[in-house]
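Working notes, beginning with the structure itself.
Just so it is clear, the values below take in all heavy atoms, side chains as well, and ignore hydrogens, waters and symmetry mates. Remember, it's 1-based here, ligands and their atoms both numbered in the order they're listed. Here the structure is a predicted model, which is why all the values come from computation and not from measurement.
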Amino acid sequence: MNNKIYNMKSKSLIIISGPSGVGKDSVINRIQSIDSKISLAVSVTTRKMRLGEKDGVNYHFLSRENFEKKIANSEFLEYAEYCGNYYGTLKKPVEKAVKSGRKIMLKIDIQGAEKIRKIYSDCLSVFILPPSIEDLKERIISRNLDSEHDLNLRLERAMTEIKSACDYDFVVENDIIDVCARKILDKIYE
Ligand code: 5GP
């Protein structure tokens, strides 16, 4: 693993946030390809599955009704509404990882990050920024995954999220995926 000596007592829970389209998935995949010991918590969502996504891999895709049942059963560590859909982190896998000291990443929005910080005050929170706002707009538009309505919501939302970057422990720009992933890994094992 890059011939580095890593500090094994480093933080167990790692929050990865950033505006839609910033490349969180690519950075997370790169982190995991460098260090396979770091897992990613699979969130639950009510949004529609996108082309190329798999149930149980990208998300657990649920109806609103079933999501609300999980809320009622207190199965979520946190959940939030984002652009009209529910997203939530399941308690069990996270608690299990943290208890055993295994590293686990949560790919969550700023509302989720705020809640997790209150529960796990010693977590590491990372915010990924785009190289520029123009670049982010181009990325969201060019990936062409969302309807025009969703796209505008996500662009609006992105501007709000970027303002919260200062609440995070570590802010990093995603210009080159590999460089961004390695900077986050250095921070995790600091
Ligand atoms: P997307 O629809 O693009 O996959 O995700 C939209 C937003 O929801 C992203 O900012 C993503 O990080 C966030 N998100 C994904 N899973 C969760 C979750 O479990 N909880 C919260 N609070 N946000 C999430």
Side-chain angles (χ1 to χ4, degrees), residues 13-29 31-32 39-64 66-71 73-98 104-120 123-130 136-165 167-168 170-172 174 180 184:
L13 191 63
I14 305 125
I15 295 173
I16 308 277
S17 294
S20 184
V22 80
K24 296 187 288 291
D25 290 317
S26 308
V27 172
I28 286 169
N29 286 341
I31 290 173
Q32 290 187 296
S39 65
L40 173 69
V42 179
S43 294
V44 182
T45 185
T46 59
R47 92 146 153 73
K48 278 196 195 125
M49 201 189 292
R50 291 177 183 146
L51 203 70
E53 285 185 330
K54 280 192 186 141
D55 189 25
V57 177
N58 304 87
Y59 284 104
H60 299 290
F61 293 92
L62 282 190
S63 63
R64 281 188 87 83
N66 285 335
F67 195 103
E68 283 167 358
K69 275 187 194 156
K70 288 195 182 295
I71 298 176
N73 287 337
S74 306
E75 289 182 51
F76 291 114
L77 197 54
E78 64 77 33
Y79 69 92
E81 280 215 65
Y82 180 101
C83 295
N85 289 301
Y86 279 129
Y87 292 82
T89 310
L90 290 168
K91 261 185 204 164
K92 268 193 194 156
V94 176
E95 286 178 351
K96 214 170 146 190
V98 171
I104 186 161
M105 292 182 282
L106 306 184
K107 189 189 68 169
I108 54 178
D109 78 332
I110 54 171
Q111 307 168 77
E114 209 181 315
K115 290 174 197 160
I116 296 292
R117 270 191 222 102
K118 284 186 186 145
I119 306 169
Y120 294 102
C123 66
L124 172 70
S125 61
V126 177
F127 194 91
I128 304 180
L129 280 178
L136 182 73
K137 282 185 184 165
E138 268 173 37
R139 286 196 214 190
I140 297 181
I141 292 166
S142 68
R143 70 179 185 177
N144 203 19
L145 293 174
D146 309 299
S147 68
E148 186 146 350
H149 172 72
D150 276 356
L151 201 130
N152 290 331
L153 271 182
R154 278 167 189 270
L155 281 172
E156 238 173 68
R157 179 80 199 186
M159 300 307 134
T160 314
E161 294 220 318
I162 287 172
K163 287 186 198 141
S164 297
D167 297 333
Y168 283 70
F170 187 54
V171 180
V172 60
N174 181 22
C180 178
I184 295 175

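For ligand 1, the atoms closer than 4.0 angstrom to any heavy atom of Thr89 are 18 (C), 19 (O), 20 (N). Atoms of ligand 1 lying under 4.0 Å from at least one heavy atom of Gly112, given by number and element, are 22 (N). Atoms of ligand 1 found under 4.0 Å from any heavy atom of Ala80 (numbered from 1 in listed order, with element): 22 (N).
For atom 16 (N) of ligand 1, the closest heavy atom belonging to the protein is Ser43 OG, 3.1 Å. The closest protein non-hydrogen atom to atom 3 (O) of ligand 1 is Arg154 NH1, 2.8 Å. From the protein, the heavy atom lying nearest to atom 20 (N) of ligand 1 is Glu78 OE2, 2.7 Å. The protein heavy atom nearest to atom 5 (O) of ligand 1 is Tyr59 OH, 3.3 Å.
Looking only at side-chain heavy atoms (C-beta outward), Pro130 and Pro19 come within less than 4.5 Å of each other. With contacts defined as side-chain heavy-atom distances shorter than 4.5 Å, the pair Lys115/Phe76 does not qualify. Counting heavy atoms from C-beta on, the side chains of Ile104 and Glu95 never come closer than 4.5 Å.
Within the cation-pi definition used here (under 6.0 Å to the ring centroid, within 45° of the axis), Arg64 qualifies as a partner of Tyr86.
Of the candidates Glu114, Lys24, Lys107, Lys107 brings a heavy atom nearest to atom 15 (C) of ligand 1. Nearest residue to atom 13 (C) of ligand 1 from Thr45, Asp109, Leu90 is Asp109 (criterion: closest heavy atom). Of the candidates Ile108, Val44, Ile140, it is Ile108 that places a heavy atom closest to atom 18 (C) of ligand 1.
For ligand 1, one of its N or O atoms has an N or O atom of Gly88 under 3.5 Å away. Distances between N or O atoms of Tyr82 and those of ligand 1 include no value under 3.5 Å.
Under the side-chain contact (heavy atoms from CB on, under 4.5 Å) criterion, Leu62 pairs with Val44, Asn66, Lys70, not counting sequence neighbours. Judged as a side-chain contact (heavy atoms from CB on, under 4.5 Å), and not counting sequence neighbours, Lys163 has no contacts.
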Assess whether side chain to side chain contact (heavy atoms under 4.5 Å, CB included) is satisfied between Tyr168 and Arg117, documenting all intermediate values. CA-CA 10 Å; Tyr168 283 70; Arg117 270 191 222 102; 3.4 Å; yes

Chi angles and distances behind the side chain to side chain contact (heavy atoms under 4.5 Å, CB included) call for Arg139, Asn174: CA-CA 12 Å; Arg139 286 196 214 190; Asn174 181 22; 3.6 Å; yes

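Contacts of Glu81 with ligand 1, taken as heavy-atom pairs under 4.0 Å, are absent altogether.
The shell of residues lying under 4.0 angstrom from ligand 1, judged by heavy atoms, excludes Tyr79. For Arg47, the heavy-atom gap to ligand 1 drops under 4.0 angstrom.
Using a distance-only test at 3.5 Å, with no hydrogens or angles considered, no donor-acceptor pair links the side chain of Lys107 to the main chain of Asp25. Listed for the Glu78 side chain is no donor-acceptor partner under 3.5 Å among the backbone atoms of Ala113.
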